[in-house]
Amino acid sequence: MSSVSGGNTPGSHSKVSSMYPLLQHVHGKENVDVCRVWKLPLQGGALDLRSIVREWSCDITLHSPDMAKAYLVGDNTGMTATDTMKNTVYRVAKQQARPCGPEEFAARLARHYVNTYPLLTGATVRVRQKSWERYGGKHVHGFTGSPTAPMRVAEAEATRVGGGGVSVKVTSTVSGLELLKTTQSGYEGYIRDEATSLPETRERMLGTCATASWVCHGTVSDYDRVYDRVLDAMLRAFFGPDDKGVYSPSVQYTLHKMASAALDAVPAVASVTMEMPNLHYLPTPPLTKFEDDVYVVAPNPHGLIRATVVRDGVGAASKL
Ligand SMILES: O=c1[nH]c(=O)c2[nH]c(=O)[nH]c2[nH]1
């Protein structure tokens, strides 16, 4: 039975008899939107400026075991207000003197929180970047947005380590990568039993909306370049040469080829995790003759294909 008596001062809350333990807790701020513009002198033009724009939506999660006292006895001493976390996003954006991508910004923010607030054991910052494209590829301050463009996301996990240091792990992600090919895909050789109705085929559509995440080892000087190279390598592996493509015996095989292409293309990439839902384009019912041209777009269900591919295979699960 609970016995709250003597008002609501923090101490009096400790008299509540039902003091169930906390299993875990974090606190943070989500969807902190910020737009950072750098206006840099054009080469040769003393007064002309070229804008670089980055629009980010930031999710901040702070890890602080000591703040269990806020949940248990109402003591907020040493806590970082979520409002302060939000303002810090704007302050750190202001301090970022030279243009940077979401990875660098996430890492800088996460490190800042851990360095500034002593009760934190770590901070996780996720930054989603809106895709603003320079108009015509060369306009000095005009940009167009694309709601259907894949989303670039960076996550930095900062952890306090011994000796007053902070270690930061950075993960880059592209999500919403919609890919479709109309042929050069099949699926054969799987178990056929009384629950199987799917016909084997060497001719089908292959559609997905992929998510790929990668982690680099060592220091990365240009995350934008890594992102472009990883994406380019993955797309080449998915589609194959322009004139004839490349055959896919399964989404699984193609996923592995795409992740491997990214590892080949960028030596700094240590591992790639990919999720490629198999979005089904099915033969139309037999009222119309099916000639691999008119498909039923099946919204649900879709296949789930997910894997992590690593450069250094120590401890890896695959056997061949
Ligand atoms: O590429 C595929 N992988 C599967 O695991 C699978 N399962 C299924 O029904 N169709 C497919 N296609």
Side-chain angles (χ1 to χ4, degrees), residues 148-153 171-215 227 229-266 269-311 313 315-320:
T148 54
M151 172 79 76
R152 179 170 168 190
V153 186
T171 305
S172 304
T173 297
V174 57
S175 70
L177 188 60
E178 293 189 292
L179 306 174
L180 181 71
K181 53 186 214 166
T182 58
T183 186
Q184 288 281 52
S185 165
Y187 184 55
E188 301 170 286
Y190 47 87
I191 293 172
R192 302 209 67 84
D193 61 16
E194 59 281 4
T196 307
S197 61
L198 185 75
E200 296 185 277
T201 183
R202 290 186 66 79
E203 178 58 52
R204 66 174 185 175
M205 296 262 273
L206 178 49
T208 190
C209 182
T211 302
S213 299
W214 57 95
V215 178
Y227 182 90
R229 285 197 173 179
V230 164
L231 210 57
D232 182 60
M234 285 182 172
L235 296 184
R236 282 171 190 272
F238 180 85
F239 290 115
D242 288 350
D243 51 350
K244 51 183 185 303
V246 61
Y247 183 71
S248 163
S250 66
V251 176
Q252 286 88 332
Y253 184 84
T254 296
L255 180 156
H256 186 259
K257 283 279 175 242
M258 292 169 77
S260 302
L263 289 163
D264 278 348
V266 187
V269 173
S271 68
V272 182
T273 297
M274 296 192 68
E275 182 161 327
M276 292 178 56
N278 187 10
L279 305 179
H280 301 305
Y281 290 80
L282 305 174
T284 39
L287 299 174
T288 29
K289 185 170 180 229
F290 182 63
E291 294 176 308
D292 299 309
D293 50 0
V294 182
Y295 296 84
V296 175
V297 182
N300 274 312
H302 61 253
L304 164 71
I305 319 285
R306 185 195 302 133
T308 298
V309 183
V310 289
R311 181 177 299 284
S318 65
K319 287 196 174 56
L320 204 63

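FYI, the numbering just counts along the sequence from 1. Read the numbers this way: they start at 1 and go in the same order the structure lists the ligands and their atoms.
When only non-hydrogen protein atoms are considered, atom 5 (O) of ligand 1 lies nearest to Gln252 NE2, 2.9 Å. The nearest heavy-atom contact from the protein to atom 8 (C) of ligand 1 is Tyr187 CE2, 3.4 Å. For atom 9 (O) of ligand 1, the nearest non-hydrogen atom of the protein is Leu198 CD2, 3.5 Å.
Of all atoms in ligand 1, listed by their number and element, those nearer than 4.0 Å to a heavy atom of Ser250 are 1 (O). Interface atoms of ligand 1 facing Val251, defined by a heavy-atom separation under 4.0 Å, are 1 (O), 2 (C).
With sequence neighbours excluded, no residue forms a ring-ring contact (aromatic ring centres under 6.0 Å, His included) with Phe239.
Polar contact check, Asn278 against ligand 1: a nitrogen or oxygen pair lies under 3.5 Å apart.
A donor-acceptor contact closer than 3.5 angstrom is absent between the side chains of Tyr227 and Arg229.
At least one side-chain heavy atom of Leu206 sits less than 4.5 Å from a side-chain heavy atom of Phe238.
When non-hydrogen atoms are compared, ligand 1 lies under 4.0 Å from neither the backbone nor the side chain of Glu188.
Residue-environment remark: CZ (Arg236) stays at or below the threshold of 12 foreign heavy atoms within 6.0 Å.
The side chain to side chain donor-acceptor pair (under 3.5 Å) contacts involving residues 297-306 comprise Glu275-Arg306, where partners must be two or more places apart or lie in separate chains.
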